[in-house]
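Just so we're clear, the structure is a prediction, and the values are computed from it rather than from any experiment.
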There are 2 protein chains.
Amino acid sequence: MDDQEPGLGLVHLLRGLTVELDLLGAEFAALHHLHPTDLRALIHLLDADRAGITVTPGRLGAQLGINSASATALIDRLERRDLIHRVRDTGDRRRVLLEVEEHAVTLGWSFFGPLISRMVSAAGSYDAAELAVVRRFLVEMGEAVAAERQRMAPSSGTRGGGRRTQAPGGAPAAAGEDGGG
Amino acid sequence: MDDQEPGLGLVHLLRGLTVELDLLGAEFAALHHLHPTDLRALIHLLDADRAGITVTPGRLGAQLGINSASATALIDRLERRDLIHRVRDTGDRRRVLLEVEEHAVTLGWSFFGPLISRMVSAAGSYDAAELAVVRRFLVEMGEAVAAERQRMAPSSGTRGGGRRTQAPGGAPAAAGEDGGG
DNA sequence: GTTATTGTCTCGATGAACGAGAGTCTTGTC
DNA sequence: GACAAGACTCTCGTTCATCGAGACAATAAC
C-alpha cells in the first residue's frame with residue numbers, strides 16, 4: 001500500500017496519529033474518572049478560556065455535537081467535580097456562562113503539559129523553513145477536513161436544520177492558534 | 001504568542017486538526033445511524049482486512065478499549081447491519097473471526113474516499129524533500145504520543161499483568177487502537 | 001484424566017445521550 | 001404597556017452502549 005501516491009502515506013500517518021491521540025485522551029479520562037466527552041468539553045472550555053471567549057451550555061453542546069439535554073447533564077457532571085461553575089449572564093439573563101476553575105486548568109495541564117513538552121522538544125530539531133512546510137501542510141489538511149465536513153453537512157450553521165449530531169457549525173472546536181500558555 | 005516556542009503553534013494546529021477529524025467521523029457516523037464506536041471498529045476492521053490480518057472479537061475490543069461484553073454487543077450491531085459476519089475459526093474453535101462484507105468496504109470508502117482525495121491532492125503540491133519533512137514530523141509526533149501513553153499507563157500491553165478491566169484504567173489494555181493503516 | 005488458561009458470550013445494572021416539552025428571558029411589533 | 005415569536009436552559013422519561021461478573025466451550029499444560 002505504499003505508494004503510488006506520495007501523499008497517501010501521509011494521510012494514513014495522520015489518521016494513525018489522531019487515533020493515538022484519541023486513545024491517549026480516553027486513557028487519561030478514564031484515569032481521572034471522566035468520560036471522553038467530559039474531557040473534550042474541558043479542553044474546549046480551557047481553549048475558550050485562554051482565548052477570552054465565553055462559552056454557554058448551548059454553544060458547548062453544539063461544539064461537541066450533543067443536544068441541549070445532554071449538554072445540561074454534562075455541565076452538571078463537570079460542576080459536580082468542581083471543574084467549572086455556572087454564572088448567569090447579567091446582560092442576557094436567559095444565558096448561562098461557564099467559567100473554569102483553577103482545578104480544571106491544573107487538570108488540563110496534567111494532560112497536555114507533558115505531551116506538549118515532548119512535542120515541542122521534537123519540533124525543536126526543525127529549522128524555520130521546515131517548520132513552515134509542516135505548518136502549511138497541517139493548515140491544508142485542516143482545510144481539507146473542513147471542506148469535507150461542509151460537503152457532508154451543508155446545513156451547518158442553521159439551527160434546526162439537520163439531523164441529530166448536527167454539525168456544530170463553522171468554527172473548529174479548538175482553534176489551533178490559541179497560545180499554549 | 002506562538003512564538004516563544006516555534007513548535008507550540010504546530011502542536012495546537014495538530015490538535016485542532018484531530019478535533020476536526022473526530023467531528024467529521026462523528027457526523028458521518030450519525031448520518032449513517034452508527035455510533036462513533038461502530039465507525040471506529042469498522043475502520044479498524046477495514047484496515048485489518050486490507051492488511052490481510054484476521055480480527056477476533058477480543059482483539060477488536062482491546063483495540064477499541066472496550067470490554068468483552070461491549071465487544072460482543074458491538075459486533076452484534078455490525079452484524080445486524082450486514083457490515084460484517086462472524087466465522088468460527090476452524091483451527092482454534094474457541095475463536096471467532098470477523099469478516100467484512102462488501103457493503104462495509106463501500107461504506108468505508110464513502111467516508112474516507114472523498115477526504116483522502118482532497119488530502120492527496122493537497123499533498124500533491126509538495127516536493128519530495130518537503131514530503132519527507134512532513135513525514136518525519138508526523139512520525140515523531142506519533143512517537144511522542146505513544147511515549148506519553150506508555151508513561152501514563154505503563155502496564156498496557158501485557159495481558160495478564162495489567163488489570164485491564166480495572167475501573168479507573170478503563171481502557172488501558174488497548175495497545176494501539178484502530179490501526180491506522 | 002485433571003487443571004489452568006484463553007476466547008466468546010449472557011445477564012442484570014449503570015448512566016450518557018436522546019426527544020419532547022416546560023419555564024424563563026429577550027426582541028420585535030403594535 | 002401588551003402580546004407574539006424566538007432564544008436559551010433545564011426537567012422528565014426512555015433508549016441503548018458499556019460495564020462487571022460469571023457461564024460455557026475449547027485449548028494447553030501437567
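Across all strands, Ala73(A) comes closer than 4.0 Å to no nucleic acid atom at all (heavy-atom distances).
Residues satisfying the ring pair (Phe, Tyr, Trp, His ring centres under 6.0 Å) criterion with Phe112(B), sequence neighbours excluded, are absent altogether. Residues forming a side-chain hydrogen bond (donor to acceptor under 3.5 Å, both in side chains) with Asp82(B) (at least two apart in sequence, or on another chain): none. Not counting sequence neighbours, the partners of Val96(A) by the side chain to side chain contact (heavy atoms under 4.5 Å, CB included) test are Pro57(A), Arg86(A), Arg88(A), Leu98(A). Among residues two or more places apart in sequence or in another chain, the side chain to side chain contact (heavy atoms under 4.5 Å, CB included) test is passed with Asp49(A) by Val100(A). With sequence neighbours left out, the salt bridge (Lys or Arg N to Asp or Glu O under 4.0 Å) criterion links Arg81(A) to no other residue.
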Can you check nucleotides 26-30 of chain D for protein contacts, nitrogen or oxygen pairs under 3.5 Å, and list what you find?
from: dT27(D); atom 1: OP1; to: Arg93(B); atom 2: N; distance (Å): 3.3

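For Ser70(B), a side-chain nitrogen or oxygen approaches OP1 or OP2 of dC19(D) to under 4.0 Å.
Straight-line distance from the CG atom of Leu64(B) to the C1' atom of dC19(D): 15 Å, rounded to whole Å. Between the P atom of dG7(C) and the CG atom of Leu98(B) lies a distance of 14 Å, rounded to the nearest Å. Going from atom CZ of Arg95(A) over to atom P of dG23(C) covers 23 Å, rounded to whole Å. Separating the NE2 atom of His35(A) from the P atom of dA17(C) is a distance of 8 Å, rounded to the nearest angstrom.
Comparing atom distances between the Ala69(A) side chain and each of dT9(D), dC19(D), dA20(C) picks out dA20(C) as nearest.
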Could you pull out every donor-acceptor pair under 3.5 Å between side chains of residues 123-134 of chain B and any protein atom, sequence neighbours left out?
from: Ser125(B); atom 1: OG; to: Ala122(B); atom 2: O; distance (Å): 3.1
from: Tyr126(B); atom 1: OH; to: Phe137(A); atom 2: N; distance (Å): 3.1
from: Tyr126(B); atom 1: OH; to: Glu140(A); atom 2: OE1; distance (Å): 3.1
from: Asp127(B); atom 1: OD1; to: Ala129(B); atom 2: N; distance (Å): 3.0
from: Asp127(B); atom 1: OD1; to: Glu130(B); atom 2: N; distance (Å): 2.8
from: Glu130(B); atom 1: OE1; to: Asp127(B); atom 2: N; distance (Å): 3.0

Check residues 101-108 of chain B and write down every donor-acceptor pair under 3.5 Å in which the side-chain atom is one partner and the other belongs to a residue at least two apart or another chain.
from: Glu101(B); atom 1: OE2; to: His85(B); atom 2: ND1; distance (Å): 2.5
from: Thr106(B); atom 1: OG1; to: Glu102(B); atom 2: O; distance (Å): 3.1

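Looking at Ser68(B), its side chain comes within 3.5 Å of the base of dC9(C) through a donor and an acceptor atom.
Only Arg77(A), listed by number, bring a heavy atom of residues 75-84 of chain A to less than 4.0 angstrom from any atom of DNA chain C.
We find that Asp22(A) and Arg40(A) are not joined by a salt bridge, their nearest charged nitrogen and carboxylate oxygen being 4.0 Å or further apart.
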